[in-house]
Amino acid sequence: MTLRLRLNGRPVQAQADPAMRLSDLLRDVLGLTGTKIGCNAGDCGACTVLLDGRQVCACLVPAARAEGCDIRTVEGLAEGGALNALQAAFLRHGAAQCGICTPGMLMAATDLLARLPTPTEAQVQDALGGVLCRCTGYRKIIDAVLDVAGPSPPVAGAMGARLPKVDGPAKLTGAERFGADALPDEAFLTIRAIRSPHAHARFTLGDFAPLLAAHPGLLRVLTAADLPGARVFGIYPTGKDQPVLADGLVRHRGEPVCALLGDAATLAGIPEGDVPVAWEPLPEVTFAAGGPDLHAHAPGNVLCRGLVARGDPATGFAAAAARADIATATGFVEHAYIEPEAGYARRVGDGMEVVACTQTPYMDRDEIALILGIPPERVRVIPTAVGGGFGGKLDLSIQPLACVAAWLTLRPVRMVYGRGESMAASTKRHPARIAAAAAADAGGRLTAFTFHGDFDTGAYASWGPTVANRVPVHAMGPYAVPHVRCTTAALHTNGPPAGAFRGFGVPQAAIAGEALMDMLAAQLGLDPWDIRRINALGEGSTTATGQMLGAGAALPECLDAIRPRWQALRQEASDFNRQAGVLRRGAGLACMWYGIGNTSMSNPSEMVIGIGADGRCTLFSGAVDIGQGSNTIMVQIAAEALGVPPEALNLVSGDTKTTRDAGKTSASRQSFVSGNAARLAGAALRAEILRRANAGPEAMIMLHDGRISVVSGDAATILDPAAMAPDAEGLVLRGEGRFDPPTTALDAHGQGIPYACYAFAAQAALVEVDTALGTVRVLRIVAAHDVGRAVNPTLVEGQIHGGIAQGLGLALMEEYLPGRTDNLHDYLIPTIGDVPEIETILVERPDPLGPYGAKGVGEPALVATAPAILNAIADAIGARLTRVPATPDRVLAALAR
Amino acid sequence: MKVFDYVRPASVAEAIAAAAAPGAVYLAGGTNLLDLMKGETLRPDRLVDVTRLPGLDRIEWLGDGGVRIGALVRNAALAHDAAFATAYPAVAEALLSGASAQLRNAATVGGNLLQRTRCAYFHDPASACNKRQPGAGCDARGGENRLHAVLGWSEACIATHPSDFCVPLAALDAVVEIEGPAGRREVALEALHRLPGDTPERGTALAPGELIVALRLPGEAAGFAAHARYLKVRERTSYAFAVVSAAAALRLEGGRIRAARLALGGVAARPWRARAAEESLVGVEAGEAAFRRAAEAALAEARPSGDNAFKIELARRLVRRALALAVAGTPARIPALPASPFPSVAGARHDA
């Protein structure tokens, strides 16, 4: 039918199927991709637009409903090319991180502000409650809406400045291109994977000829037999085990068995049941019960084991005045980034070009090369903006099938996951089953710690070895313990592959370890703060791997900073509990530490900064910004090193052809590792400019009008880039930086230097438990984080807020059940109403190795939150939950014990 | 998504004629329908778009003090109608506790009554589900059923009805006006949703082609306005379906209960009117002892359908809480966090 409507103030006419979703009409027919699709079910709100002034989910509005209506989208907000007041407030407050929910948030807030120009916080939470954000923890979004009329103060300097994100404006206007926004029309051929409905099954593919004959738009069906190169992929060079397409056997629900290639409308019209796959289900190997071996190379379904051992725990337990034991369990947790995986691939000559969302373009490149059977140099990976990752976009998603299809057909091919497919096919946080014990002497000093954790790594290896190796190093928590034995096993099951998820197993371990600290404190009559302060790792402490910590270890400072808040929260809880009633409050404290970068492994980053003949200075950064702000951080650090304002730098980001390998956006490593590379690159360019100008190290560099001025005292030298000879990359002056954190391998007992730098934190939570109904509300969180040096305090706070929100989800509501929670209304993540007021305390004690002292904060933000909340629940109700999430049934069961 | 036929009738009569075709479904707000169509749970051949039918978007006050709500009135419009929220505050509270602002702006009253179950097995084509495919079996029975029914379920189906809105409607004797091929009829809301028995595929009392045109609340039900609450236990603060919910409405006279209404949500395939509990409350002194008896009566027939025994005791406790809060009185304005059993968070309140 022909639709007439008003779109952003202008009359528009379009041909559309009446039942087409308004979101598809806007994006695919009218070309406005600022409206995002996160779920197509009304659960996430990313597609929120205004229909006759009221917010609605465009994905649930049939196009026919929009006829004659006034539609407003994010593209209609900017006024005369400039950000409007709300967009400017979002930019100023750092309210957009990855930016995928931002259009929805802006539209929901626009609806609110039109009716209530000066809303209260509760009104903001109510109006924005239908838009999910996985990055920000919502607090800065609330701040931005409340401060919509506020001024934008000038920002000066580079290091330490609250610089608005360099890629912020694009995220606020709808101009940013995420995986599904970057699809060119010529890449209309689409992949639809057919996935296993069974956790474990043999299967036989039937004759596809009738299906192909019945659907002229179906070009071909890809099966394992079509794969040109490696048939399996995986993170580690040895032990690649995950099939691109299963070959007769599936090991998890959601595993692809064949792929249909055709135009999107044809593929959508083929019922799943018409695809000839004959299934023979097999008994499921579960984490609880185990089962027959799933892989020949993993006897007993043990993928790998980890160990850190020091001293003799038996001696430590024997000498102790108090001992505590605990067994804890956690389930699968879904990353729930709001952007489902999407992108396209096209063959360019004898090479392959892939445009997709990813956290790790260089690993993708190498893996795709293996799958296609071509050298890595012939693969180019161009990352799109990433709508949230949290570790989940470190594994390949759409790339293998899109690349294989494009390779075989010589045509561009797209693949866009739906929400259900994203949740069924992507990796998860490892479920953990932990048994741990700790002991302390009468003064509260820890004497021994033992830990064993089984981690469900699911059907395939993915990042299982990383979890198995990282957890034993961290499991005893950030405390000095003389006698330690920590072991782990990563076990295969028919669950979804468990991979990388913000913290790599350490959050699960911290739930056990921080419970033990409170249990020991209770036995010894100590305050939870005191026992942590007594044992806190600091400068000069020796860790359980035998590593002596340097000046950057600032847990004592974090604990000292949080102490007055902790005491106030304790007091508030005990004051409240003096009144009778079913509501009980509790305060909980937890500490954490986290090694920055990969464990005992070379993980270098390289950066290039250069000046072209036109005088423009560009930072070439291979570090992928997944919303956390590394684009901005790298610019700030490089500008500081070069000695120019950040605005003087252009940025080219994350393209395997134009930037150097900066490694993965993972392990909280970009600020520390790539930040150092950016600092070294900036310093090298500065040295080169000063050398050319024959100026001393104190000279000022200014870039203006295509020239470089070098001012030293009263003397000024002008360099003219136009007069210099450009190199092969078009640069006339360049600086390069490379940094690889100094670590050593761990020996057979797990002794060595696994990380060059650690981040520490202490978080306190105040909760209220309804002891009749079993519900828990978090009232406040205080987070003191050792960040070395905050390169950009707004972005650091944003990371902490977002990590806390994910930690809160882990503690209270999140558990992924394969096939049962493949959407965002059965899989619950925190909404804007769930995240309480958060006070962040940035402890800035520069790390000797960090760029200007900085260290990572991405994962550290999350680790302590769930343990702090669980300790607070225990404080409130006098009973401890050992299984998360703490849903009402579990809280009531704990109360009944 | 299947290719289908789309019609936009100009009158109720035309709509009913158009819906007589096999495989036809009505389309109103679309918030549930488009989601079901995506998942292949529902594959209609024809969409009959009723959104532009005249006269169905009005809230009309009746001679007995009751109200007639057109089927196309949006949830948000009804919840924020000041006169409605004053007369039927528990209904407004239930509406505002459901879904999100976006969905409340789009969803219609008629469509909300027909919301399908959220049972994950119903939505998963790979699972056996008697509701989706009669005779296929019920994988929920031995599956993940922590949140499934504890009342009125059968071996064939243990799904629950997800609506918040319908719970106070059931308590307050709402009536549904239906037009269909056989003419006009009325059904008590309580009888609109069917318990599964041996035929879980028939979720409602509607015959094929029938269209809900309006919902009526009797004037008598407005007599509970001073002591009416809707409470909902959910696993996150907002935008979550109920684990268990309860609507309680009382008429009090000198500390004694003259009349009581009570219904539960999230416990059965329909909003569960607890008549025995209501009777136990009439004429007795409002207090914990009476509430405890009522809660026992309300859940007397409850039994777990799986790993969900906790819901039975949780429902008892929620009933007691809802009755106690109803006695305390309807708040002057709906709390900022509607239907939360927690005391209201400080700050703004809804101007309903």
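Throughout, protein chains are lettered first and strands after them, A, B, ... in sequence-line order, and every chain is numbered starting at 1.
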Side chain to side chain donor-acceptor pair (under 3.5 Å) partners for D24(A), two or more places apart: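 Result, side chain to side chain donor-acceptor pair (under 3.5 Å) vs D24(A): none returned.
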Using the test side chain to side chain donor-acceptor pair (under 3.5 Å), find all partners of E421(A) that sit at least two apart in sequence or belong to another chain.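 Side chain to side chain donor-acceptor pair (under 3.5 Å) list for E421(A), sorted by chain: R195(A).
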Residue [X] versus chain B: region with a heavy atom under 4.5 Å:
X	value
L828(A)	both
M1(A)	side chain
L112(A)	neither
E121(A)	neither
I829(A)	both
V61(A)	backbone

Please determine, among [options], the option with the most heavy-atom pairs under 4.5 Å with chain B.
options	result
P888(A), A108(A), A64(A)	A64(A)
G420(A), A772(A), C59(A)	A772(A)
H825(A), M813(A), R54(A)	H825(A)

At a heavy-atom separation under 4.5 Å, does [X] approach chain A through its side chain, its backbone, both, or neither?
X	value
R74(B)	side chain
L103(B)	side chain
L147(B)	neither

With rounding to the nearest 0.5 Å, note down the distance linking CG in L51(A) to CG in N105(B).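 L51(A) atom CG to N105(B) atom CG measures 9.0 Å (nearest 0.5 Å).
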Residues T887(A), R146(B); criterion side chain to side chain contact (heavy atoms under 4.5 Å, CB included); working and verdict: CA-CA 11 Å; T887(A) 44; R146(B) 188 173 62 94; 3.7 Å; yes
Can you list every pair that meets salt bridge (charged side-chain N to carboxylate O under 4.0 Å, His left out) and has a residue in residues 814-825 of chain A, with sequence neighbours left out?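 Pairs touching residues 814-825 of chain A that pass the test: R134(A)-E814(A), E815(A)-R883(A), E815(A)-R890(A), R820(A)-D124(B).
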Residues of residues 232-239 of chain B with any heavy atom under 4.5 Å of a heavy atom in chain A: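 So far as heavy atoms go, V233(B), R234(B), E235(B), R236(B), T237(B), S238(B), Y239(B) are the residues that approach chain A to under 4.5 Å.
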Chain A contacts, top residue of R8(B), R320(B), E313(B), K311(B) (heavy-atom pairs, under 4.5 Å):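 Looking at each of R8(B), R320(B), E313(B), K311(B) in turn, R8(B) comes out on top.
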Is there a donor-acceptor contact under 3.5 Å from the side chain of R52(B) to the main chain of R65(A)?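 Looks like yes, one N/O pair under 3.5 Å.
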Of all the heavy-atom pairs spanning [X] and [Y], show the shortest one and how long it is.
X	Y	value
D126(A)	A101(B)	O-CB, 4.5 Å
S100(B)	G130(A)	CB-CA, 3.4 Å
L34(B)	P62(A)	CD1-N, 4.0 Å
R317(B)	L773(A)	CB-CD2, 4.0 Å
A126(B)	P197(A)	CB-CB, 3.2 Å

Decide side chain to side chain contact (heavy atoms under 4.5 Å, CB included) for R321(B) and D770(A); before the verdict, give the C-alpha distance in whole Å, the side-chain angles of both, and the deciding distance to 0.1 Å. CA-CA 11 Å; R321(B) 180 81 59 90; D770(A) 186 319; 2.8 Å; yes
